[in-house]
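Here is the structure we will look at.
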Amino acid sequence: MKKKYAGMVFILPHLAGVLLFLFVPFLDVARRSFVRAAGGFAGLLNYGEVLRNEAFRLAAGNTFRFTAVCLPLLMLLSLLLALTVCGIGSGKAALKNCFLIPMAIPAACVALLWQLLFDNHGMVNGLLTVFGIEPVSWMSTGASFYVLVGSYLWKNAGYVTVLWMAALDGIPGEVYEAARMDGAGRAASLVFITLPCIRPAAFTIGVISFLNTFKVFREAYLVAGSYPQERIYLISHLFNNWFLSLSVDKMAAGAVLLSVVTGAAIAALQRAWED
């Protein structure tokens, strides 16, 4: 009996921290979503105002589009990188360290880099001018969306590649040797051995990558401010502006809606993965 519950002793501090600093505050946010900022019970009025809010619709649509574009690209690109690096044989440890460098760079430094590259008088426009191409206003046109996608991929691709490499390293080498003895080529080994074996890890990597899409707000905010070009106006921008204007009721209702949608998406993905 003591051995059965011995593990609980180690997770209780972490569980207490989650309850105290995450679960209890979220319950208070849920309560505030049914209350007016000035006081008084509002019922579902706050949710109705949020859903009718044009800024919320714009931010939600942009966030969905950004996630729908970035997530498949990141998963595929990082998997290809991991397969390539694992096939090298030597020097993988050094490459892993290089892959993690973008995650270690502060967001302010990344924002400064993007300004140097994509400002109206930045390096990219300077290079375009050399080749006789008209300069592009990267951060004030629809091109800003692709700059943000590139920022997300650059910052997260290395980290996700390391996660894929850990999953690939967990596949026993004997399985590939047996497949080669049976005449299986690289393509057959990839389809019938590698992909099925890394399928459980793919769900975890996908969820981590999905949650990281919300963190790109830091770079977008530092580069373009609270009200960027409308194609990169994300949910995080909207919440930040509601917080500054003390619209606690709308912010609480929006946070609950976002939590429900995010939780439902992860649950649906897990259900589809298990089938």
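This chain uses plain numbering: 1 for the first residue, then up along the sequence. A quick note: this is a predicted structure, and the numbers were derived from the prediction, not measured.
- Paired with Leu211 under the rule side-chain contact (heavy atoms from CB on, under 4.5 Å), one option of Thr213, Ile208, Val207 passes, and it is Val207.
- Taken to the nearest 0.5 Å, the NZ atom of Lys250 stands 9.5 Å off from the CZ atom of Arg36.
- Taking CH2 of Trp242 as the start and CG of Asp249 as the end, the distance is 9.0 Å to the nearest 0.5 Å.
- Not one N or O on the side chain of Thr262 forms a donor-acceptor pair closer than 3.5 Å with the backbone of Ser259.
- For Lys155 against Ile105, the heavy-atom pair with the smallest separation is NZ-O, 3.1 Å.
- Closest heavy-atom contact between Gly206 and Leu71: O-CD1, 3.9 Å.
- No side-chain heavy atom of Leu22 sits less than 4.5 Å from a side-chain heavy atom of Phe26.
- At least one side-chain heavy atom of Leu44 sits less than 4.5 Å from a side-chain heavy atom of Phe34.
- Side-chain N or O atoms of Arg57 include one that pairs as donor or acceptor with a backbone N or O of Leu51 at under 3.5 Å.
- For the pair Asn62 (side chain) and Tyr233 (backbone), a donor-acceptor distance under 3.5 Å is present.
- Counting non-hydrogen atoms of other residues, nucleotides and ligands closer than 6.0 Å to CE of Met103 gives a total above 12.
- Minimum interatomic distance between Phe214 and Ser236 (heavy atoms only, all atoms of both residues): O-OG, 3.6 Å.
- Separation of atoms CG (Leu58) and CZ (Arg231) is listed at 11.0 Å; rounding is to 0.5 Å.
- Hydrophobic clustering of Ile, Leu, Val, Met, Phe, Trp and Tyr side chains at less than 4.5 Å, counting indirect connections, keeps Val18 apart from Val24.
- Residues Phe243 and Leu257 share a single hydrophobic cluster, defined by chaining ILVMFWY side chains whose heavy atoms lie under 4.5 Å apart.
- At least one donor-acceptor pair closer than 3.5 Å links the side chain of Thr63 to the backbone N or O of Ile235.
- For the residue pair Tyr47 / Ser33, a side-chain donor-acceptor distance below 3.5 Å is found, with atom types taken as modelled.
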- Query: Given the rule in the side chain to side chain contact (heavy atoms under 4.5 Å, CB included) test, do Asp28 and Arg32 qualify, once you have shown the distances and angles that lead to the verdict?
  - Reply: CA-CA 6 Å; Asp28 184 62; Arg32 289 175 181 270; 2.9 Å; yes

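- Note on Phe66 and Leu77: separate hydrophobic clusters, where clusters join Ile, Leu, Val, Met, Phe, Trp and Tyr whose side-chain heavy atoms are under 4.5 Å apart, directly or indirectly.
- To the nearest 0.5 Å, atoms CG (Leu100) and OG1 (Thr161) are separated by 9.5 Å.
- In this structure, Phe23 places its CZ atom where only 12 or fewer heavy-atom neighbours from other residues, nucleotides or ligands lie under 6.0 Å away.
- Of the listed residues (Leu83, Asp169, Leu79), just one forms a side-chain contact (heavy atoms from CB on, under 4.5 Å) with Trp164, and that residue is Leu79.
- Using a distance-only test at 3.5 Å, with no hydrogens or angles considered, no donor-acceptor pair links the side chain of His14 to the main chain of Ile11.
- By the criterion of side-chain heavy atoms lying less than 4.5 angstrom apart, applied directly or through intervening Ile, Leu, Val, Met, Phe, Trp or Tyr residues, Leu80 is not grouped with Ile193; the two fall into different hydrophobic clusters.
- In plain terms, the two heavy atoms of Pro196 and Pro200 that are nearest each other are O-CD, 3.9 Å.
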- Query: Passes side chain to side chain contact (heavy atoms under 4.5 Å, CB included), Asn212 versus Val160? Steps please.
  - Reply: CA-CA 11 Å; Asn212 282 340; Val160 178; 5.7 Å; no

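- To the nearest 0.5 angstrom, Leu148 atom CG is 11.0 Å from Gln229 atom CD.
- In this structure the side chain of Cys70 reaches within 4.5 angstrom of the side chain of Val149, judged on heavy atoms.
- More than 12 non-hydrogen atoms from other residues, nucleotides or ligands lie less than 6.0 angstrom from CZ of Arg31.
- Between Ala82 and Met165 the shortest heavy-atom distance is CB-CG, 3.8 Å.
- Side chains of Thr194 and Tyr176: a donor on one and an acceptor on the other come within 3.5 Å.
- The distance from atom CE of Met75 to atom CG of Asn156, rounded to the nearest 0.5 Å, is 12.0 Å.
- The aromatic rings of Phe118 and Trp138 stand perpendicular to each other, their planes meeting at an angle above 60°, with 30° marking the opposite boundary.
- Formation of a donor-acceptor pair under 3.5 Å by the Asn125 side chain with backbone atoms of Val136 is found in this model.
- If you chain together hydrophobic residues whose side chains sit under 4.5 Å apart, Ile198 and Leu81 never meet in one group.
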- Show your reasoning for whether side chain to side chain contact (heavy atoms under 4.5 Å, CB included) applies to Phe99 and Val85. CA-CA 11 Å; Phe99 285 150; Val85 173; 3.8 Å; yes

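- Between Ala252 and Val29, the closest heavy-atom pair is CB-O, 3.4 Å.
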